[in-house]
Amino acid sequence: MTGGWSLLRRLLRNRLAAVGLVLLTLIVLVAVAAPLLPLADPDATAPARRLLPPLSEGAWLGTDSLGRDMLSRLVWGTRLSLAVGVSASLLAAVTGSAIGLVAGYAGGRTDTLLMRGIDTLMAFPYLLLALAIVAALGPGLLNALYAVVAVNIPFFARNVRGAAAGLRHREFVEAARLSGMGETRILLSELLPNVMPVIVITASTTVGWMILETAGLSFLGLGSQPPQADLGSMLGEGRKALINAPHVAAVPGALIFLIVMSMNLVGDGLRDAIDPRLRTGLPARPSAATRVERVDGAGGEETAPGAALAVSGLRTAFETGEGRMDAVKVDAVKGVSLYVAPGECLGIIGESGSGKSVTALSIARLVASPPGVIRGGTVRFGGEDLLALPPGALRRLRGGRIAYVFQDPLTTLHPLMRIGDQVAEAIRAHRPVSRAQAWREAVTLFAAVKLPDPETIAGAHPHEISGGQRQRVSIAMALANDPELIVADEPTTALDVTVQAEILDLLDGLRRSRGLAVLFISHDFGVIARICDRVAVMHRGEIVEEGSARDLLSDPRHEYTRRLIAAVPVLGRARRGGRNAPGEGTRTAAPPAVEVRDLVKSYPAHGSLFGRSRPAVPALKGASLTVSAGETLGIVGESGSGKTTLARCLMGQVRPTSGTVRLEGRPIAELTAGGPRALGRTVQYVFQDPLSSLNPRKTIRRILAAPLRFLAGLEENAIGPRLTELMESVGLDPAFLDRYPHEFSGGQAQRIAIARALAAGARIIVLDEPVSALDVSVQAQVLRLLADLKERHGLTYLFISHDLAVVEAVADRVAVMSAGEIVEEGPPERLFTAPEHAYTRCLLASVPRLDVGNAGMDERARC
Amino acid sequence: MASYLLGRLLALVPVLFGLSLIVFLIMALIPGDPALAILGAYATPENVARINEELGLDRSLPVQYATWLGNVLTGDLGRSHSLNRPVLDEVMERFSATLVLAGAALALASVLGLLAGIVSAVRQFGLADKLVTLAVLVGISMPSFWLGLVLILLFAVRWRLLPVSGMYAIYGGGDLPDLLLHLVLPATTLAVVAAGVIARLTRSAMLEVLRQDFVRTARAKGLTERRVVFRHALKAAMVTVIPVIGIQAGFVLGGAVYIETVFQWPGIGRMLVDAIAKRDVLLVQGGVLVVAASYVLFNLLADLLQRLLDPRIAP
């Protein structure tokens with residue numbers, strides 16, 4: 001297996017692990033070869049030769065208190081200790097992993113029961129339980145082994161259970177179930193390979209302990225019984241002659257230490273090699289400021305006099321590869337120049353990987369370093385080159401005259417500090433004011449960013465307020481010291497569209513009232529159009545086009561910009577005439593493909609016996625809808641609207657509290673009753689994140705073959721040709737079949753997920769935000785593919801999205817969901833031009849448009 | 001907080017119940033006849049029957065358990081036949097000695113481990129980091145029962161700096177300085193492994209936290225590096241470190257068994273080893289139960305501490 005070799009190679013590249021491996025191999029070889037070696041009988045006593053010191057004639061390591069040869073006893077003792085330790089490790093690994101796997105995958109009551117048992121075992125101090133077990137079974141090596149196994153089972157059970165429970169709800173496991181795979185098969189072929197690293201890591205960390213613990217029990221006289229001796233009992237015997245002949249105790253002890261240490265070295269190395277995220281050495285911690293190594297020397301003259309910020313020729317690279325020696329520098333930003341005038345808002349737009357965020361972070365040298373390094377250019381701000389600034393001066397500038405607002409306000413605020421403290425701290429970092437005064441100023445700032453009840457918010461922790469409120473806090477923090485420039489890096493990307501509109505309004509208002517210069521990074525043309533005066537388009541680390549927002553959007557010059565703008569789904573653009581309307585004739589003849597009646601799903605009240613119990617939250621409050629065969633129903637709504645719960649009810653993954661779901665005329669209960677297969681042949685699902693819906697440890701061939709085998713019921717020899725067909729039908733080269741998911745881009749991976757949905761032969765496909773994780777240009781291609789497939793195979797789509805423009809482009813009919821209800825339904829032509837429900841109107845007004853500049857805000861004022 | 005505490009205390013009930021069940025079952029399933037062990041040479045059939053009746057061994061297991069549990073709840077752990085005194089008295093006396101040793105070791109391990117871990121993370125790849133990494137490797141691979149012997153040989157036998165064993169000097173001891181002097185070697189030995197584990201975990205938790213978004217925010221605010229590391233990063237890292245200290249408490253309590261044997265410390269670990277050798281079932285049962293129950297309470301304390309630090313943990 002190539003995986004094994006590459007693992008070994010990675011292991012040996014780690015010098016310490018290599019030393020450990022060599023040492024361990026040597027010890028094991030000697031122990032295994034013990035019967036072949038010219039050693040004295042380890043149990044032959046010679047009272048005349050007691051306690052000889054090491055290097056004596058005929059006894060290299062001396063003799064013990066009965067005159068037995070130490071070297072021979074040591075080799076045989078090592079053999080015994082290793083055998084016991086390794087068997088204990090294997091037994092504990094198998095038993096514990098099995099318990100953990102079942103508990104984690106089954107969940108519910110099985111999980112609770114198994115893990116309570118494990119918790120009770122863990123409630124004993126480690127060695128104490130082993131002692132109790134030995135006390136019960138009686139002293140003896142085998143009993144000591146059982147005791148050590150018993151106390152180590154919980155480590156495997158807990159770790160494996162954690163990993164399995166994390167995987168249980170992963171999309172690729174649900175996808176496997178929808179491919180018609182049975183529970184045992186899923187457990188063994190989807191879960192086990194993915195938890196294997198956890199098992200190996202746990203085994204490698206515990207095997208050392210197990211050897212130590214069995215030796216310890218023997219040392220106490222509870223393990224191996226004379227004349228049989230492992231290293232522990234040798235040490236225990238040696239202790240009696242400690243003062244006269246220290247070597248009798250010292251040598252076996254040192255050997256135990258060597259064995260355990262070499263095992264720990266190999267274990268650590270193995271863990272690093274298997275899971276790079278757990279590496280003990282790399283990655284290095286980011287330093288306070290990005291390293292600057294300008295090849296072209298310190299930058300030249302002022303390029304844009306009068307600008308608040310002028311960047312010229314900025315080059316930022318990332319060092320990849322292990323260690324400094326063979327580091328490869330990959331440029332993420334390749335000579336970017338831009339300026340922002342006082343009071344102006346410059347937008348930088350680009351797709352993922354274009355270098356826009358790196359550019360923004362380079363300004364105050366906030367790119368994580370290592371691996372980031374600024375290799376050239378200048379960043380001029382207030383007449384100074386920020387890249388040449390000493391650390392103290394740079395620090396005073398950060399949060400003082402230049403402030404940042406980052407993307408995800410949940411991860412960017414400190415989770416354990418009160419919000420008021422975090423803002424007060426920003427104030428006190430720059431101005432000598434009292435704690436109380438800073439707190440008062442923070443509260444005033446919260447009022448300025450229109451947070452409700454600023455006093456309460458100040459005392460709250462970030463997880464206690466909503467996403468939109470958190471982003472207001474970030475903005476308040478940015479304003480704390482009256483900056484001249486705000487760098488906003490995708491500040492609204494993590495937010496719902498109505499909240500996004502509010503935050504954009506806020507930022508725009510503040511900019512105008514305070515005369516702030518803003519550098520605004522986004523991937524969304526609509527957002528940029530709404531807030532920016534000028535726009536720079538970035539592609540592969542370079543600015544390809546720059547101009548006023550109005551000109552650039554209406555008349556893009558560069559080929560890339562043109563393509564990008566053309567790919568953006570725009571509300572209103574898609575109202576084409578030739579939409580294949582659902583056949584009037586079929587609607588009456590055949591039952592509807594999907595029929596949902598009064599669906600209610602409420603999650604039970606959550607709360608402990610004494611804690612405040614939260615009331616039952618209904619996720620769906622009586623939703624009804626019908627989709628005819630061959631129709632595409634778009635479902636739009638914001639987070640928490642219940643659209644995903646609805647989709648999961650259709651897949652039988654969520655059992656509704658009341659109401660009915662019928663697919664092709666059959667109630668869903670009837671379909672699910674026959675196991676996963678009947679359902680999988682009727683309806684399939686495409687998940688939002690294509691990569692997490694594909695098992696990382698299976699090839700595409702195996703992923704796609706599952707539904708063909710279990711649902712389509714193909715013979716083995718028919719599967720191959722069908723796989724080729726499937727790949728071609730989603731526009732992928734069949735030669736890719738033997739690759740693993742991580743080798744594909746997001747768009748390609750989504751094509752594979754679509755192919756899997758097709759393979760089952762189901763005619764209803766639920767698409768849950770299928771293009772939301774993709775860049776716009778890829779988005780357009782996948783949407784085209786979906787339209788194409790629908791036409792060719794006569795599919796019925798339920799297309800769920802938060803993006804109104806995408807839905808408008810693909811849907812025959814649209815349903816708007818809010819707070820668990822369908823508030824409005826109709827053809828997109830009507831719904832998007834003459835919305836009836838207030839929520840739909842508000843939603844529509846919130847969507848940033850390409851062409852309106854700031855006009856959207858007036859409409860929004862009404863919602 | 002009060003309701004959380006009450007809830008947590010209630011949640012302890014099933015754990016303690018399970019604990020008592022395991023302790024009872026292990027002892028009940030002991031092969032061989034306890035009566036024979038107690039009577040030794042006097043084991044006439046009448047005597048065996050009398051002892052069995054006295055100990056309630058002639059009744060069914062559930063009845064035995066119920067009786068035993070009832071006695072435990074009223075503080076009656078039975079009478080040790082090898083020592084001929086109430087188990088509870090002996091256990092409490094020995095356990096307090098163990099608490100002194102384990103408490104000192106855990107405190108030492110936490111302080112050393114945290115300091116070493118922080119220094120190691122802040123000076124990543126520096127000399128201090130390399131030294132700490134090496135020390136951690138040696139520490140966690142060290143058989144503590146062997147380290148104890150080596151330390152005795154060096155500090156007590158060769159250099160005569162510290163007492164060889166025991167808790168107090170036999171003549172003229174008994175005061176605090178005497179106790180501390182006797183504590184140095186065993187507490188250090190016991191702390192070594194735990195310190196290594198805590199240091200290693202603190203280091204990786206700090207390095208992990210230092211790469212998170214909120215640390216970037218702290219830097220973007222213009223905070224000093226010292227504040228970023230010691231206030232923002234350390235605070236978040238402690239959330240992962242505190243439970244590990246709780247777990248290490250269990251390892252230290254268990255490891256005390258070796259150390260007490262090596263240093264002749266009159267603690268509960270040595271008592272258990274002796275009791276096992278003498279097949280004194282009630283003494284083993286009582287000792288294990290008391291230590292495990294107090295460990296459970298200690299873990300509750302660690303949880304409470306963590307909750308004070310991390311408001312995200314829901315009640």
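Any value given below was found using the heavy atoms of this structure, including those in side chains, with hydrogens, waters and symmetry copies removed. Numbers restart at 1 for each chain; the letters A, B, ... are given by sequence-line order, proteins then strands.
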Novice: Where on Phe219(A) is there a heavy atom nearer than 4.5 Å to chain B: the side chain, the backbone, both, or neither?
Specialist: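 The side chain, not the backbone.
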Novice: What's the shortest heavy-atom distance between Leu220(A) and Val257(B), and which atoms?
Specialist: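 Answer, listing the atom of Leu220(A) first, then Val257(B): CD1-CG1, 3.5 Å.
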Novice: Which pair of heavy atoms, one from Gly250(B) and one from Pro125(A), lies closest together, and at what distance?
Specialist: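 Heavy-atom minimum between the residues: O-CB, 3.4 Å.
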Novice: Can you say whether Val122(B) sits under 4.5 Å from chain A via the side chain, the backbone, both, or neither, judging by heavy atoms?
Specialist: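 Both backbone and side chain.
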Novice: Show the nearest heavy-atom pair for residues Ile276(B) and Ala135(A), with the distance to one decimal.
Specialist: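 Looking at all heavy atoms of both residues, the closest pair is CG1-CB, 3.5 Å.
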Novice: When heavy-atom pairs shorter than 4.5 Å are enumerated against chain B, which of Ser474(A), Gly399(A), Ala288(A) gives the highest number?
Specialist: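 The answer is Ala288(A).
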Novice: Given the options Leu272(B), Asn299(B), Val262(B), Val273(B), which has more heavy-atom pairs under 4.5 Å with chain A than any of the others?
Specialist: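 It is Val262(B).
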Novice: Are the side chain of His232(B) and the backbone N or O of His414(A) linked by a donor-acceptor pair below 3.5 Å?
Specialist: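 Not at all, since once roles are kept as given, no pair shorter than 3.5 Å links the two residues.
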Novice: Is chain B contacted by the side chain of Leu255(A), its backbone, both, or neither, given a heavy-atom distance below 4.5 Å?
Specialist: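 For Leu255(A), neither part sits under 4.5 Å from chain B.
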Novice: Do the side chains of Thr411(A) and Gln212(B) get nearer than 4.5 Å, heavy atoms only?
Specialist: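 A side-chain contact under 4.5 Å is absent here.
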Novice: Which is it for Tyr295(B) and Leu128(A) under the side chain to side chain contact (heavy atoms under 4.5 Å, CB included) test, yes or no, and what are the steps along the way?
Specialist: CA-CA 11 Å; Tyr295(B) 175 52; Leu128(A) 206 68; over 6 Å; no
Novice: Between Ile211(A), Leu366(A), Leu222(A), which has the largest tally of heavy atom pairs under 4.5 Å with chain B?
Specialist: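 Top count of heavy-atom pairs under 4.5 Å with chain B: Leu366(A).
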Novice: Less than 4.5 Å apart, side chain to side chain, heavy atoms only: is that true for Met263(A) and Ser141(B)?
Specialist: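 Counting from C-beta outward, Met263(A) and Ser141(B) never come under 4.5 Å.
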Novice: For a 4.5 angstrom cut-off between non-hydrogen side-chain atoms, does Pro286(A) reach Arg211(B)?
Specialist: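 When only atoms from C-beta onward are counted, Arg211(B) and Pro286(A) do touch, with a gap below 4.5 Å.
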Novice: Flag the one option from Ile402(A), Leu127(A), Leu121(A) with the top tally of heavy-atom pairs under 4.5 Å to chain B.
Specialist: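 Option with the top pair count is Leu127(A).
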Novice: Non-hydrogen atoms of chain A under 4.5 Å away: do they reach the side chain of Ala121(B), the backbone, both or neither?
Specialist: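 The backbone, not the side chain.
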Novice: What part of Ala403(A) gets closer than 4.5 Å to chain B, counting heavy atoms only: side chain, backbone, both or neither?
Specialist: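 Contact with chain B: none, neither part.
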Novice: Could you look at Ile268(B) and say if it's the side chain, the backbone, both or neither that has a heavy atom under 4.5 Å from chain A?
Specialist: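 For Ile268(B), there is no contact with chain A at all, as no heavy atom is under 4.5 Å.
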Novice: Which of the residues Ala368(A), Ala364(A), Gly216(A) is involved in the greatest number of heavy-atom pairs with chain B at under 4.5 angstrom?
Specialist: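 Option with the top pair count is Gly216(A).
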Novice: Evaluate side chain to side chain contact (heavy atoms under 4.5 Å, CB included) for Met142(B) paired with Leu212(A), printing each intermediate quantity in order.
Specialist: CA-CA 9 Å; Met142(B) 187 65 78; Leu212(A) 218 49; over 6 Å; no
Novice: Tell me, out of Val138(B), Ile152(B), Ile247(B), who's got the most heavy-atom pairs with chain A below 4.5 Å.
Specialist: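 Max contact count across the listed options: Val138(B).
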Novice: Is the backbone of Gly222(B) close enough, under 3.5 Å, to the side chain of Arg395(A) for a donor and an acceptor to pair up by distance?
Specialist: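 The answer is yes, because a donor-acceptor pair under 3.5 Å joins these two groups.
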Novice: Tell me, for Ala480(A) versus chain B, whether the close heavy atoms (under 4.5 Å) come from the side chain, the backbone, both or neither.
Specialist: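 Interface part for Ala480(A): neither.
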Novice: Counting only non-hydrogen atoms closer than 4.5 Å, does Ser287(A) touch chain B with its backbone (N, CA, C, O), its side chain (CB onward), both, or neither?
Specialist: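 Backbone only.
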Novice: What closest approach, in Å, do Ala249(A) and Leu149(B) show between heavy atoms, and which atom pair accounts for it?
Specialist: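 The pair with the smallest heavy-atom distance is CB-CD1, 4.3 Å.
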Novice: Would you indicate whether the side-chain heavy atoms of Leu153(B) and Leu242(A) approach each other to under 4.5 Å?
Specialist: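 Yes, at least one pair of side-chain atoms sits under 4.5 Å.
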Novice: With rounding to the nearest 0.5 Å, note down the distance linking CG in Asp408(A) to CZ in Phe214(B).
Specialist: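 Nearest 0.5 Å value for the CG-CZ distance: 13.0 Å.
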Novice: Gln407(A) versus chain B, heavy atoms under 4.5 Å apart: side chain, backbone, both or neither?
Specialist: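 For Gln407(A), there is no contact with chain B at all, as no heavy atom is under 4.5 Å.
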Novice: Heavy atoms, side chains only, cut-off 4.5 Å: are Arg219(B) and Arg398(A) in contact?
Specialist: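 Heavy-atom side-chain distance check passes, below 4.5 Å.
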Novice: Looking at Leu394(A), Leu265(A), Leu258(A), Leu16(A), which one has more heavy-atom pairs under 4.5 Å with chain B than the rest?
Specialist: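 Greatest number of close heavy-atom pairs with chain B: Leu265(A).
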Novice: Within a radius of less than 6.0 Å around CZ of Arg401(A), do more than 12 heavy atoms belonging to other residues, nucleotides or ligands occur?
Specialist: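 Count over threshold, so yes.
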Novice: Identify which part of Ala426(A) has an atom lying under 4.5 Å from any heavy atom of chain B, answering side chain, backbone, both or neither.
Specialist: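 Both parts, backbone and side chain.
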Novice: Determine the option with the most heavy-atom pairs under 4.5 angstrom with chain A, choosing from Gly254(B), Ala220(B), Ala277(B), Ala292(B).
Specialist: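 The residue among Gly254(B), Ala220(B), Ala277(B), Ala292(B) with the greatest pair count is Ala220(B).
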Novice: Between Trp146(B) and Leu235(A) (side chain of the first, backbone of the second, donor and acceptor by atom type, cut-off under 3.5 Å), is there such a pair?
Specialist: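 Checking the backbone N and O of Leu235(A) against the side chain of Trp146(B), no donor-acceptor pair under 3.5 Å is found.
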Novice: Against chain B, label Leu129(A) side chain, backbone, both or neither, depending on which of its atoms sit under 4.5 Å from a heavy atom there.
Specialist: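 Side chain only.
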Novice: For residues Glu213(A) and Tyr258(B), report the shortest heavy-atom separation together with the two atoms involved.
Specialist: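 Result for this residue pair: OE1-OH, 2.8 Å.
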Novice: Using a cut-off of under 4.5 Å on heavy-atom pairs, state which of Val284(B), Val291(B), Leu137(B) scores highest against chain A.
Specialist: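 Ranked by contacts with chain A, first place is Leu137(B).
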Novice: Please examine the side chains of Thr217(B) and Tyr404(A), heavy atoms only from C-beta on, and report whether any two atoms are closer than 4.5 Å.
Specialist: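 No - every pair of side-chain heavy atoms lies 4.5 Å or more apart.
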Novice: Please work out whether the ring planes of Trp209(A) and Phe251(B) are parallel, tilted or perpendicular, with thresholds of 30° and 60°.
Specialist: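 Taking Phe251(B) first and then Trp209(A), their aromatic rings stand perpendicular (interplane angle over 60°).
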Novice: Picking from Arg396(A), Arg239(A), Met261(A), which has the most non-hydrogen pairs under 4.5 angstrom with chain B?
Specialist: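 Among Arg396(A), Arg239(A), Met261(A), the one with the most close pairs to chain B is Arg239(A).
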Novice: Assess, by modelled atom type and distance only, whether the side chains of Thr412(A) and Asp213(B) contain a donor and an acceptor separated by less than 3.5 Å.
Specialist: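 Absent: no donor and acceptor within the cut-off.
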Novice: Counting only non-hydrogen atoms closer than 4.5 Å, does Arg158(B) touch chain A with its backbone (N, CA, C, O), its side chain (CB onward), both, or neither?
Specialist: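 Contact with chain A involves no heavy atom of Arg158(B) at all.
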Novice: Just wondering, more than 12 heavy atoms not from Tyr146(A) lying within 6.0 Å of its OH?
Specialist: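 Open.
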Novice: Provide the closest heavy-atom pair for Thr120(A) versus Gly18(B) in the form atom of the first, atom of the second, distance.
Specialist: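 Residues Thr120(A) and Gly18(B), closest heavy atoms: CG2-C, 3.4 Å.
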Novice: Specify which of Val288(B), Asp129(B), Val252(B) makes the most heavy-atom pairs with chain A at under 4.5 Å.
Specialist: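 With the most close heavy-atom pairs to chain A, the winner is Val288(B).
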Novice: Heavy-atom distances under 4.5 Å only: say whether Thr133(B) touches chain A with side chain, backbone, both or neither.
Specialist: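 For Thr133(B), neither part sits under 4.5 Å from chain A.
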Novice: Heavy-atom distances under 4.5 Å only: say whether Leu397(A) touches chain B with side chain, backbone, both or neither.
Specialist: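 Neither part; nothing is under 4.5 Å.
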Novice: Need one label for Met477(A): side chain, backbone, both or neither, based on atoms under 4.5 Å from any heavy atom in chain B.
Specialist: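 The answer is the side chain of Met477(A).
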Novice: Any side-chain heavy atom of Val239(B) within less than 4.5 Å of one from Leu416(A)?
Specialist: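 Yes, at least one pair of side-chain atoms sits under 4.5 Å.
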Novice: Which atoms of Glu425(A) come close to chain B, meaning under 4.5 Å heavy atom to heavy atom: side chain ones, backbone ones, both, or neither?
Specialist: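 For Glu425(A), heavy atoms of backbone and side chain both lie under 4.5 Å from chain B.
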Novice: Give a yes or no on whether a salt bridge exists between Arg231(B) and Asp421(A), defined as a side-chain N under 4.0 angstrom from a carboxylate O.
Specialist: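 Salt bridge: no.
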Novice: Who wins among Val157(B), Leu253(B), Ile22(B), Val296(B) for the most heavy-atom pairs under 4.5 Å with chain A?
Specialist: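 Ranked by contacts with chain A, first place is Ile22(B).
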Novice: Is the side chain of Lys221(B) donor-acceptor paired with the backbone N or O of Ile427(A) at a distance under 3.5 Å, no angle test?
Specialist: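 No: the side chain of Lys221(B) does not pair with the backbone of Ile427(A).
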